[in-house]
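What you are looking at is a predicted structure, and each value in this text was computed from that prediction instead of being measured. Reckoned from all heavy atoms, side chains included, excluding hydrogens, waters and symmetry mates. Below, chains carry the letters A, B, ... as their sequence lines are ordered, and counting in each starts from 1.
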There are 2 protein chains.
Amino acid sequence: MPRCRRMGPPWWEPRFREAGFRLTMPRQVILEVLSNTEEHLSAEEIYLLIHKVYPNIGLTTVYRTLDLLVDMGLVFKFDFGDKRARYELSQGPASKKHHHHLICTKCGRIIDYTDFIDEERELLQRTEAGLSEKYNFKVTSHLIQFYGLCDECQE
Amino acid sequence: MPRCRRMGPPWWEPRFREAGFRLTMPRQVILEVLSNTEEHLSAEEIYLLIHKVYPNIGLTTVYRTLDLLVDMGLVFKFDFGDKRARYELSQGPASKKHHHHLICTKCGRIIDYTDFIDEERELLQRTEAGLSEKYNFKVTSHLIQFYGLCDECQE
DNA sequence: ATATTATTGAAAGTGATTTTCAATAATAAG
DNA sequence: CTTATTATTGAAAATCACTTTCAATAATAT
């Protein structure tokens, strides 16, 4: 059964209006790509995907747009240790919940997991509060990643 | 009062012997530098530090040595978001305990903290066990970092 | 001593990301 | 609606941390 796609304006539209940025075609296309993938795409991968349909959108624009989206908080930028940055929409269709990543150090596979997130969140909140008090450090975000061997890479 | 320095062979010596690598002067010098700093040095910073005393040790060797030390588990490699990798001895003088990092996104300052590590460790162990079971993923290491504004950067 | 293997450093190469800059598109002003 | 102003774009060139190459040197094994 095909997923129900809402027809209204996408959720990022007001964010652009508020911020005073122009929601141009390259920006929309890149947001749509991120919106429709389960993968952790790199700038070049995004470029190649859209290049088939929009051959006039340059790689430079992809990089610049991703930077902007990260600055706006619409996109998260990750480093999984393979030299290239990878990007994920920060919110989106219900399916995407807050998650962290398991990174296979052998094959590079990335597994999103949402399990244990609640306990994690609770600990993080306590930790952030404590750190804030002790170091007067205002935590705005955190990064948690596990490295190891995935199913298939264990011998 | 000057810190008491043990005179015996440094702790990494047996690790080299066991592994069958040669403990050459560049390697010793780099380990000593890492051993005597509280900072999170980059390869180039290490190179510049030792270059004053050992001008014949090249940057390439610094990179290669750091890679080796990371592989041997003697050194941790971090990415704090400023393009260059940064390195820390994985063990050392008692003062250095297992810690994580607070990263100021404005000035780049790195704060080591050891507080809350115990609760953290406990949660991590449970999480790792759970992930291992659910995804059959063998966790070998983890990364936790908090981003935000340090004391001085909060206006 | 001599052979074998590991380590080194200078120079050249790599590759993801940035910068430059002139052209174009979008909004604002008149 | 024009025209002025400003934002956005893309191609090409530049950057820069890091790697690779390769011949020379140093360390261990024979």
Side-chain angles (χ1 to χ4, degrees), chain A residues 12-33 40-72 74-87 108, chain B residues 12-33 40-72 74-87 108:
Chain A
W12 52 72
E13 208 181 286
R15 300 292 306 272
F16 268 81
R17 224 174 308 110
E18 287 157 23
F21 293 122
R22 297 175 188 170
L23 189 42
T24 59
M25 161 160 3
R27 291 173 179 175
Q28 298 190 60
V29 172
I30 290 167
L31 280 161
E32 285 296 341
V33 166
H40 308 84
L41 299 172
S42 69
E44 196 183 3
E45 286 169 346
I46 293 170
Y47 167 74
L48 291 174
L49 279 175
I50 66 186
H51 190 262
K52 288 181 261 177
V53 186
Y54 303 90
N56 45 343
I57 295 179
L59 180 55
T60 311
T61 298
V62 175
Y63 275 108
R64 262 189 306 230
T65 301
L66 289 168
D67 278 354
L68 178 70
L69 297 177
V70 169
D71 283 349
M72 292 174 70
L74 303 185
V75 163
F76 291 138
K77 181 178 184 176
F78 289 99
D79 169 20
F80 295 139
D82 65 342
K83 311 291 182 191
R84 41 198 30 193
R86 296 186 170 275
Y87 300 85
Chain B
W12 52 72
E13 209 182 287
R15 301 292 305 274
F16 269 82
R17 223 174 310 109
E18 287 157 22
F21 294 119
R22 297 174 187 170
L23 189 42
T24 61
M25 161 161 2
R27 290 172 180 178
Q28 298 189 60
V29 172
I30 290 168
L31 280 160
E32 285 296 341
V33 165
H40 309 84
L41 299 171
S42 68
E44 196 184 3
E45 285 168 348
I46 293 170
Y47 167 75
L48 290 173
L49 279 173
I50 65 185
H51 189 261
K52 290 181 261 181
V53 186
Y54 303 88
N56 44 344
I57 295 179
L59 180 56
T60 310
T61 298
V62 175
Y63 276 109
R64 263 188 305 228
T65 301
L66 289 169
D67 279 354
L68 178 69
L69 298 177
V70 169
D71 282 350
M72 292 175 70
L74 303 185
V75 164
F76 290 138
K77 180 177 186 177
F78 290 99
D79 168 21
F80 295 140
D82 65 341
K83 311 291 181 189
R84 42 200 28 196
R86 297 186 170 275
Y87 300 86

Any idea which heavy atoms bring [X] and [Y] closest together, and the distance?
X	Y	result
B:Ile57	B:Pro26	CD1-CA, 3.7 Å
B:Val62	B:Ala43	CG1-O, 3.5 Å
B:Asp67	B:Lys77	OD1-NZ, 4.3 Å
A:Arg15	A:Leu74	NH1-CD2, 3.6 Å

Query raised in the report: Stepwise, does the side chain to side chain contact (heavy atoms under 4.5 Å, CB included) test hold for B:Phe16 with B:Leu68?
Result: CA-CA 11 Å; B:Phe16 269 82; B:Leu68 178 69; 4.3 Å; yes

Requested in this report: For the pair B:Met72 and B:Trp12, evaluate side chain to side chain contact (heavy atoms under 4.5 Å, CB included) and give the outcome as yes or no after the intermediate values.
Outcome: CA-CA 10 Å; B:Met72 292 175 70; B:Trp12 52 72; over 6 Å; no

Report task. Name the nucleic acid region contacted by B:Leu59, choosing base, sugar-phosphate or nothing; use a 4.0 angstrom heavy-atom cut-off, strictly under. Result ->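 Answer is nothing: B:Leu59 stays at 4.0 Å or more from every strand.
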
Report task. May I ask you to list the residues of residues 19-31 of chain B, by number, that have any heavy atom positioned under 4.0 Å from an atom of DNA chain C? Result ->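 Heavy-atom cutoff 4.0 Å gives B:Phe21, B:Arg22, B:Thr24, B:Pro26, B:Arg27.
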
Query raised in the report: Which ones in residues 60-68 of chain B lie close to DNA chain C, meaning a heavy atom under 4.0 Å from one of its atoms?
Result: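 Result for residues 60-68 of chain B: B:Thr60, B:Thr61, B:Arg64, sorted by number.
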
Query raised in the report: For A:Ser42, which residues count as a side chain to side chain contact (heavy atoms under 4.5 Å, CB included) partner, sequence neighbours excluded?
Result: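 Listed in chain order: A:Glu44, A:Glu45, A:Arg84, A:Arg86.
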
Query raised in the report: Toward the 5' end of DNA chain C, which comes first, B:Lys83 or B:Gly58, by nearest nucleotide?
Result: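 Its nearest nucleotide lies further toward 5', so the answer is B:Gly58.
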
Requested in this report: For DNA chain D, note the earliest and the latest nucleotide, 5' to 3', having some atom under 4.0 Å of a heavy atom belonging to chain A.
Outcome: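 Extent of the interface on DNA chain D: D:dT6 to D:dT19.
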
Query raised in the report: For A:Arg22, which residues count as a salt bridge (charged side-chain N to carboxylate O under 4.0 Å, His left out) partner, sequence neighbours excluded?
Result: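 So A:Arg22 forms no salt bridge (charged side-chain N to carboxylate O under 4.0 Å, His left out) with any residue.
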
Which atom pairs, donor and acceptor, lie under 3.5 Å between side-chain atoms of residues 46-53 of chain A and protein residues at least two apart or in another chain?
from, atom 1, to, atom 2, distance (Å)
A:His51, NE2, A:Pro55, O, 3.4

**Report entry** Test log, rule side chain to side chain contact (heavy atoms under 4.5 Å, CB included), inputs A:His40 and A:Phe80
**Finding:** CA-CA 10 Å; A:His40 308 84; A:Phe80 295 139; 3.9 Å; yes

